[in-house]
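By convention in this document, chain letters (A, B, ...) are assigned in the order of the sequence lines, proteins followed by strands, and residues within each chain are numbered from 1. Note that the structure is a prediction, hence the values are computed from the model and not measured.
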2 protein chains.
Amino acid sequence: MSYGDAMNARVRSAERRSEIVRAALEVIAERGYRGASLGAVAERVGLTQQGLLHYFPTKDALLVAVLEERDQWDAVPNPQWRVDLLASLVEYNAMRPAIIQTFSALLGESVTEGHPARDYFAERYTRVRSGMAAVLRAEYGDRLPNGLTPERTAPLLVAVMDGLQYQWLLDPESVDMPGAFRDFLTLLGEEG
Amino acid sequence: MSYGDAMNARVRSAERRSEIVRAALEVIAERGYRGASLGAVAERVGLTQQGLLHYFPTKDALLVAVLEERDQWDAVPNPQWRVDLLASLVEYNAMRPAIIQTFSALLGESVTEGHPARDYFAERYTRVRSGMAAVLRAEYGDRLPNGLTPERTAPLLVAVMDGLQYQWLLDPESVDMPGAFRDFLTLLGEEG
DNA sequence: AACGAAACCTACCGCTCTACAGGTAATGCG
DNA sequence: CGCATTACCTGTAGAGCGGTAGGTTTCGTT
C-alpha cells in the first residue's frame with residue numbers, strides 16, 4: 001500500500017490545487033486579476049492567504065495555473081472540427097457565464113502594459129486564428145464569399161465570438177449569443 | 001474685463017480638468033481602471049494626488065468624466081452614416097491605439113461585478129446596436145444576405161469591431177484591423 | 001517508534017491606495 | 001483695499017495588498 005498511499009497524498013494535493021484554481025477563476029470573474037486578492041481566493045477554499053501561498057508561491061503563479069487549466073479545458077480548434085461544432089461550442093459557452101466572464105475580464109486586462117497574461121493571449125490568438133483558418137478550409141475549401149480566403153476570414157470569426165461575449169455578458173437578455181453566431185456562419189455558408 | 005477675467009478663470013479650470021481627463025485616459029490604457037492610481041494621474045499633470053481630488057472628488061468621479069469625454073468624442077452611429085464611413089472610423093481608430101486600449105481595457109473590466117463602468121457600457125451597447133441597425137437599413141434596406149435583418153446583423157457588426165480591436169492591440173503586426181473590417185463589410189454587401 | 005516532508009498556521013514587514021482634514025497662497029470682484 | 005473663492009499643498013488616517021519568516025501539526029515511509 002505504500003505506493004498507493006503516496007499516490008493518495010499526491011492526488012489530494014492535486015485536488016487541492018485544482019480547488020484553488022477553480023476558486024481563483026471565480027474571484028477573477030468577479031473582480032478581474034488585478035482586483036482579485038489572494039486572501040479572497042484562500043477564503044473560498046478555507047485557507048489563509050499564506051496557506052494558499054504554500055501551493056502557489058506567487059500571485060502570478062496562480063494565474064499561470066488558471067491559464068493552463070483553460071488550455072486543457074478549451075482546446076484550440078483543429079481541422080477535424082466542423083463549423084456546426086463551433087456553433088455548439090458557443091451554445092455551450094452560453095451555459096457557463098462564469099468561465100466566459102473570467103476570460104473576458106482577463107482578455108481586457110491583458111492589453112494593459114506588462115500584464116502577466118498578455119503573452120498568453122497574444123500567442124493563443126495566433127494559434128486560434130490559424131486553427132480557425134484550417135477549420136474553414138476543411139469546411140468550405142477556398143469557396144468563401146467574395147473571394148475571401150480562410151486566412152482572412154479567421155480573424156473575423158474569432159472577433160465575432162469574442163465581441164459577442166462582451167455584449168452578452170453585459171446584457172444577456174438582449175443578446176442571443178448562439179443565435180447571432182449562427183447568423184454569422186450563414187454569411188459564410190452561401191456561395192461566393 | 002471683469003466678465004472676461006471670470007471667463008478666463010473658468011476656462012483655465014475647464015482646461016485643467018480636461019488635461020486631467022487626458023492623463024487619466026493614458027494611465028487607464030496602461031494599467032486599467034482598478035490598476036490606475038490617482039497619484040499616477042496627478043503626477044502626469046504636475047499635481048499631487050490631493051490636488052487632483054480638488055477637481056474630481058473621488059476616483060469614480062474621474063472615471064465618469066473619462067466616459068463622458070468619450071461620448072462627446074465618439075458619437076453613436078446614426079442613420080446618416082454610410083457603411084464606408086464605418087470603415088473610415090476603423091481606419092481612424094487604427095491610428096489611435098492609446099484610446100482604443102483605454103476603452104478595450106475598460107470594457108474588459110466592466111464585466112466584473114460592481115464595476116463603475118458596467119452600466120455605461122451596457123447602455124452604450126444598446127444605443128450602438130440600434131444605431132448600427134439604422135445604418136444598415138439605410139444602406140441595404142432589408143436586402144441583407146440570407147434573410148438577415150438589420151437588427152440581427154447589428155450585434156455582429158459591433159462584435160467584429162470590438163473583437164478585432166483586441167486581436168489588433170495584442171498583435172498589431174499580424175492583424176490588419178481596417179482590412180479585416182472591410183472584409184466583413186463585403187460579406188454584407190453581396191446580394192442575399 | 002522515529003524521522004522527514006508536506007500542509008498548513010500566526011506574526012509581521014513594507015508598500016500602495018483612496019480619502020479626509022485643515023492649512024496657505026494666489027486670484028478676481030465689489 | 002478687503003473679502004471670498006479657487007487652487008492647490010502637507011499631513012495623516014485607515015485599509016488592503018503580496019510576500020517573508022518561522023513555527024507547529026499532520027501524515028506517510030522506514
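- Linking ILVMFWY side-chain heavy atoms closer than 4.5 Å, directly or via other members, places A/Leu53 and A/Val64 in two distinct hydrophobic clusters.
- Less than 4.0 Å separates DNA chain C from no heavy atom of any residue of residues 112-121 of chain B.
- Salt bridge present: B/Arg44 and B/Glu26 bring a charged side-chain N and a carboxylate O closer than 4.0 Å.
- Partners of B/Tyr55 according to the side chain to side chain donor-acceptor pair (under 3.5 Å) rule, which considers only residues two or more places apart in sequence or in another chain, do not exist here.
- Spacing between atom NE2 of B/His54 and atom P of C/dT24 amounts to 18 Å, rounded to whole angstrom units.
- Checking the phosphate oxygens (OP1, OP2) of C/dA7, a side-chain nitrogen or oxygen of A/Ser13 falls inside 4.0 Å.
- At whole-Å resolution of the value, CD in B/Glu15 and P in D/dA7 are 12 Å apart.
- With sequence neighbours excluded, the residues that form a side chain to side chain donor-acceptor pair (under 3.5 Å) with B/Arg152 are A/Asp183.
- Judged as a side chain to side chain donor-acceptor pair (under 3.5 Å), and not counting sequence neighbours, A/Glu123 has no contacts.
- Comparing atom distances between the B/Gln50 side chain and each of D/dC9, D/dT20, C/dA7 picks out D/dC9 as nearest.
- Salt bridge status for B/Glu15 with B/Arg12: absent, with no side-chain N to carboxylate O gap under 4.0 Å.
- Of the candidates D/dA7, D/dG19, C/dA6, the closest approach to any side-chain atom of A/Thr58 belongs to D/dG19.
- Criterion: ILVMFWY side-chain heavy atoms under 4.5 Å apart, direct or through other members. Under it, B/Met95 and B/Trp73 are not part of a common hydrophobic cluster.
- Side chains of A/Leu156 and A/Phe184 form a contact here, defined as non-hydrogen atoms less than 4.5 Å apart.
- Taking atom CG of residue B/Leu52 and atom P of nucleotide C/dT18, one finds them 10 Å apart after rounding to whole Å.
- In this structure, CZ of A/Arg16 is placed 10 Å from P of C/dA7, rounded to the nearest angstrom.
- Among the protein residues, A/Leu38 comes within range of the sugar-phosphate backbone only, with heavy atoms under 4.0 Å from sugar or phosphate atoms but none that close to a base.
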Atom pairs under 3.5 Å: protein N/O with N/O of nucleotides 25-27 of chain C:
none

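- Remark: P of C/dT18 and CG of B/Asp60 are 11 Å apart, rounded to the nearest angstrom.
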Counting only pairs under 3.5 Å, give me each side-chain donor-acceptor contact of residues 83-91 of chain B, with atom names and distances, residues two or more places apart or in other chains.
unit_1: B/Ser88; atom_1: OG; unit_2: B/Asp84; atom_2: O; d: 2.9
unit_1: B/Glu91; atom_1: OE2; unit_2: B/Arg182; atom_2: NH1; d: 2.6

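- Listed by residue number, the members of residues 19-37 of chain A with any heavy atom below 4.0 angstrom from DNA chain D are A/Ala36, A/Ser37.
- Of the side-chain N and O atoms in A/Tyr55, one or more sit less than 4.0 angstrom from OP1 or OP2 of C/dC8.
- Legend: residues meeting side-chain contact (heavy atoms from CB on, under 4.5 Å) with B/Pro116, ordered by chain and number and at least two apart, are B/Tyr33, B/Asp60, B/Leu63.
- When the shell of 6.0 Å around CD of A/Glu30 is examined, it contains more than 12 heavy atoms from other residues, nucleotides or ligands.
- Judged as a side-chain contact (heavy atoms from CB on, under 4.5 Å), and not counting sequence neighbours, the contacts of A/Arg124 are A/Arg70, A/Asp71, A/Asp74, A/Tyr120, A/Arg127, A/Val128.
- Every residue meeting the side chain to side chain donor-acceptor pair (under 3.5 Å) condition with B/Thr112, not counting sequence neighbours, appears here in chain and number order: B/Arg34.
- Proximity of residues 41-49 of chain B to DNA chain D (heavy atom under 4.0 angstrom from any strand atom) is restricted to B/Leu47, B/Thr48.
- In this structure, the CG atom of A/Leu63 is 13 Å from the P atom of D/dG18, given to the nearest Å.
- Looking at residues two or more places apart in sequence or on another chain, you find a ring pair (Phe, Tyr, Trp, His ring centres under 6.0 Å) between A/Tyr166 and B/Tyr166.
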